[in-house]
Undergrad: 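If you scroll down you'll find the structure; I have some questions about it.
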Amino acid sequence: MPRLLIPPGLLRAARRHAAAVYPEECCGLLVGRRLAAGEVRVTRVESCDNAAGVARGARFAIAPERLFEVWRAARARRDEVVGSYHSHPRSPAVPSERDRREGWPGASHLIVSLADGSPVAVRSWRLAPDGTGFVEERVELDAVEDRR
């Protein structure tokens with residue numbers, strides 16, 4: 001099973017972001033490195049404004065300008081954008097059909113599920129290279145220093 005290694009403080013930041021924008025979906029980018037054997041280490045969480053317009057309660061979009069800004073900054077630090085995170089304000093932390101259609105093959109997709117505005121579950125998924133479905137990643141807290 002693939003693993004997503006994330007420092008506790010960065011995971012808390014994603015959960016806080018989800019709670020702060022409830023009942024809308026939050027979104028952001030995961031920056032870090034791909035390691036051997038299917039592991040991904042997150043070293044930064046970059047929150048993004050949800051650019052989905054009036055549909056922000058049911059979907060998310062990251063503005064291309066913000067995506068490029070984070071990509072450039074990651075590359076300058078010799079990191080990469082390894083995935084994204086978003087929230088499901090009214091559903092489980094399981095990818096939706098829209099998540100599958102719009103997901104990035106090979107990238108980590110961290111989902112924060114909420115109940116009444118409080119985060120209740122966090123799960124991560126990796127989209128198959130052919131885009132046909134997701135494989136769950138094991139989320140593990142990482143002892144590497146938070147660098148937010």
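Numbers here simply count residues along the sequence, with the first being 1.
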Undergrad: Give the cluster check for Leu5 versus Val40: same hydrophobic cluster or not, with ILVMFWY residues linked at side-chain heavy-atom distances below 4.5 Å.
TA: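 No; Val40 is not reachable from Leu5 via cluster members.
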Undergrad: What residues, two or more places apart in sequence or in another chain, satisfy side chain to side chain donor-acceptor pair (under 3.5 Å) together with Glu137?
TA: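 Expected list: Ser108, Ser124, Arg126.
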Undergrad: If we ignore hydrogens and angles and just use 3.5 Å, is the side chain of Arg90 paired with the main-chain N or O of Pro23 as donor and acceptor?
TA: yes
Undergrad: Roughly how far, to the nearest 0.5 Å, is CZ of Arg56 from SG of Cys27?
TA: 10.0 Å
Undergrad: Could you tell me which non-hydrogen atom of Gly83 sits nearest to which non-hydrogen atom of Ala107, and how far apart they are?
TA: CA-CB, 4.0 Å
Undergrad: Answer yes or no: is there a side-chain heavy-atom contact under 4.5 Å between Arg41 and Glu39?
TA: no
Undergrad: Under 3.5 Å, is there a donor-acceptor pair between the side chain of Arg123 and the main chain of Val112?
TA: no
Undergrad: Which atoms form the tightest heavy-atom contact between Pro105 and Ala128, and what is the distance?
TA: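 Distance-wise, the nearest heavy atoms are CB-O, 3.7 Å.
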Undergrad: With distance as the sole test, does Asp49 use its side chain to make a donor-acceptor pair with the main-chain N or O of Ala51 at under 3.5 Å?
TA: no
Undergrad: Assess whether atom CG of Asp130 is packed by more than 12 heavy atoms of other residues, nucleotides or ligands within 6.0 Å.
TA: yes
Undergrad: For side chain to side chain contact (heavy atoms under 4.5 Å, CB included), just list the numbers for Val94 and Trp125, CA-CA rounded to whole Å, side-chain angles, deciding distance to a tenth of an Å, and then say yes or no.
TA: CA-CA 8 Å; Val94 176; Trp125 306 83; 4.2 Å; yes
Undergrad: Quick one: pull up CZ in Phe68 and CZ in Arg75 and give me the separation to the nearest 0.5 Å.
TA: 10.5 Å
Undergrad: Roughly how far, to the nearest 0.5 Å, is the CG atom of Leu30 from the CG atom of Asp79?
TA: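 So the CG of Asp79 and the CG of Leu30 are separated by 12.0 Å.
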Undergrad: Side-chain heavy atoms under 4.5 angstrom apart, residues restricted to Ile, Leu, Val, Met, Phe, Trp, Tyr: same cluster for Val139 and Phe134?
TA: no
Undergrad: Are there over 12 heavy-atom neighbours, none belonging to Arg78, within less than 6.0 Å of that residue's CZ?
TA: no
Undergrad: Counting C-beta onward and ignoring hydrogens, is there a side-chain heavy-atom pair between Ile6 and Asp142 closer than 4.5 Å?
TA: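 No, side chains not in contact.
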Undergrad: Could you check whether any side-chain heavy atom of Val31 comes within less than 4.5 Å of a side-chain heavy atom of Trp71, counting everything from C-beta outward?
TA: no
Undergrad: If I take atom CG from residue Asp99 and atom CG from residue Leu127, how far apart are they, to the nearest 0.5 angstrom?
TA: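 CG of Leu127 is found 9.5 Å from CG of Asp99.
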Undergrad: Counting N and O atoms only, with roles assigned by atom type, does the side chain of Asn50 sit under 3.5 Å from a partner on the main chain of Cys26, one being a donor and the other an acceptor?
TA: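 Not a single qualifying donor-acceptor pair exists.
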Undergrad: Assess the residue pair Arg34 and Glu80 against the criterion (salt bridge (charged side-chain N to carboxylate O under 4.0 Å, His left out)); give the C-alpha distance rounded to whole Å, side-chain angles, the decisive distance to 0.1 Å, and a yes or no.
TA: CA-CA 8 Å; Arg34 297 178 194 287; Glu80 63 182 300; 3.4 Å; yes
Undergrad: Decide if the gap between the ring center of Tyr85 and the ring center of His17 is smaller than 6.0 angstrom.
TA: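 Ring-ring flag for Tyr85/His17: true, centres closer than 6.0 Å.
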Undergrad: Taking Trp104's backbone N and O only, do any of them form a donor-acceptor pair with His109's side chain (distance below 3.5 Å, no angle check)?
TA: yes
Undergrad: Is the shortest side-chain heavy-atom distance between Ile62 and Leu29 below 4.5 Å?
TA: yes
Undergrad: Do Leu4 and Val42 have side chains that get closer than 4.5 Å, going by heavy atoms?
TA: yes
Undergrad: To the nearest 0.5 Å, what is the distance between CZ (Arg59) and CD (Glu24)?
TA: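 Reported to 0.5 Å precision, the distance equals 13.0 Å.
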Undergrad: Are more than 12 heavy atoms, taken from residues, nucleotides or ligands other than Arg138, located less than 6.0 Å from that residue's CZ atom?
TA: yes
Undergrad: Got Pro2 and Val135 here, is their nearest side-chain heavy-atom distance under 4.5 Å?
TA: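 Of all side-chain heavy-atom pairs linking Val135 with Pro2, at least one is under 4.5 Å.
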Undergrad: What closest approach, in Å, do Pro89 and Glu25 show between heavy atoms, and which atom pair accounts for it?
TA: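 Residues Pro89 and Glu25, closest heavy atoms: CD-CG, 3.5 Å.
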Undergrad: Do you know the tightest heavy-atom contact between Ser91 and Ser113?
TA: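 Nearest heavy atoms, Ser91 then Ser113: O-OG, 2.8 Å.
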Undergrad: Answer yes if Val45 and Tyr22 sit in the same cluster of Ile, Leu, Val, Met, Phe, Trp and Tyr residues linked by side chain heavy atoms under 4.5 Å apart, and no otherwise.
TA: no
Undergrad: What I'd like to find out is whether the side chain of Val120 reaches to under 4.5 Å of the side chain of Leu114, using heavy atoms alone.
TA: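 SC-SC contact between Val120 and Leu114 ruled out.
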Undergrad: Find out whether His86 and Ile111 are in side-chain contact, i.e. whether some heavy atom of one side chain is under 4.5 Å from a heavy atom of the other.
TA: yes
